[in-house]
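Okay, handing you the structure first.
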Amino acid sequence: MLIRSNPHTHTQFCDGRSTAEEMVLSAIDHGFHTLGFSSHSDILIKNDWCLTSENVSSYINEVKRLQQMYKDQICIRLGLELDLFSAGHIDLSPYEYLIGSVHMYRDPNTGIIYSYDWNPEKTTLMFREAFDCDPIRYARAYFSDVVKLIREVRPLIVGHFDLLLKFNDKLHIIDPDDPVYRKIAMDALHSIMETGAVFEVNVGAIDRGYRKVPYPDIPLLRELCRHHYPVIVSSDCHNAPRIDSWFDEAEELLREIGFRSVLELGPDQLLQEVPLI
Ligand SMILES: [Zn+2]
Ligand SMILES: [Zn+2]
C-alpha cells in the first residue's frame, strides 16, 4: 500500500461507529502520516446521521485536541463532508477542506425529501414516487444536484460522484451501459472537471458489500485518467479498524486503468502526489 492517508472519515459525532480518537489510533497503527476528518455537515433538518448545531463545536474542538495531542505521530486535518442541503446555510470557516456530496433529493413538486443511500427500500420509493420509475429522470436529477453543489461551493473533493448507483446491483434501476445514462454521467463529470475539484475514488461501499467497483465507476475513472485528472482514494471510513480497507485493490485498479499517480492528504501540503509506479 502506497497511500498513507484517508481524507473521508466519520465518527460518533455523525454516523460513524468509532470515536475520533479511535480513528486516530487506527490511522497511526496503519502507518498513516495524515488523517482527515469529514463529519456530515448539519443539514438543518431532523436526522440521526449528521452533525447538529449542538455538537458541531464539540466536533471541531475534539479534532483540534487530537491534532495537538498526536502531532508528533500524525497530521490531523479538520474537514467536513458538505451536503447539498447544508450549502449556504452553515459556517464553513473552521474547516481546512470540504468534500462536496449529494445524499438526498427534495422533490420540487411535493417538497418530500428522499435519500439516495439510506437503504434499498427508500431508494425504490423515491424512484417510484418522485421519478415515475424513469431511470433517466432519476439520473438527471441526481447529477444536476451534484454539478450545482460542486460548481457553487467549489469544495476540494467531489464526494462519491455516482452515489445513485449504491443499491443498483440489487435494484437494477439504472443500466450503467445505457448510452443515455452514460452521457448524463459523463457530461456531469466534464462540467465538474472545469472547477478543478479532485474526484475521490471512494471504496466505502465495496467494503460494506454494496458495490463491486468504487465511485466513480470504471468508465468514469477511465475518462478522468484520459484527461490526467487528479483523484484521491478514500475509504469513507465509519469504523476505525477498516481505515485502509480496499486501498491495495484501489491502487491496483487505478494502475490497471492507467493512472500513474494519485493525490492524498499530506502533512506539509494539503494535497500531495503519490506515484503508483
Ligand atoms: Zn457521503
Ligand atoms: Zn461520507
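Whatever order the structure lists ligands and atoms in, that order sets their numbers, starting from 1. This one's a predicted model, so the numbers in the text were calculated from it and none came from an experiment.
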- Any salt bridge between E22 and R17, counting N to O under 4.0 Å? no

- Query: Going from CG on D162 to CG on L220, what distance comes out if it is rounded to the nearest 0.5 angstrom?
  - Reply: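 The CG atom of D162 sits 5.5 Å away from the CG atom of L220.
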
- Task: Check H8, E200, H103 against H160 for a side-chain hydrogen bond (donor to acceptor under 3.5 Å, both in side chains) and give me the one that passes.
- Result: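 When H8, E200, H103 are each tested with H160, the side-chain hydrogen bond (donor to acceptor under 3.5 Å, both in side chains) holds only for H103.
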
- Message: Cation-pi check for F85 against R106: NZ or CZ below 6.0 Å from the six-membered ring centre and within 45 degrees of the axis, yes or no?
- Response: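 Judged by the rule (NZ or CZ under 6.0 Å from the ring centre, within 45° of its axis), R106 counts as positioned above F85.
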
- Message: Would T34 and R77 count as a side chain to side chain contact (heavy atoms under 4.5 Å, CB included) here? Give the steps.
- Response: CA-CA 7 Å; T34 309; R77 295 205 180 266; 4.2 Å; yes

- Query: Can D177 and R182 be counted as an ion pair, charged N to O under 4.0 angstrom?
  - Reply: no

- Query: Can you list the protein N, O or S atoms less than 2.8 Å from the Zn ion (ligand 1)?
  - Reply: E81 OE2, H103 NE2, H160 NE2

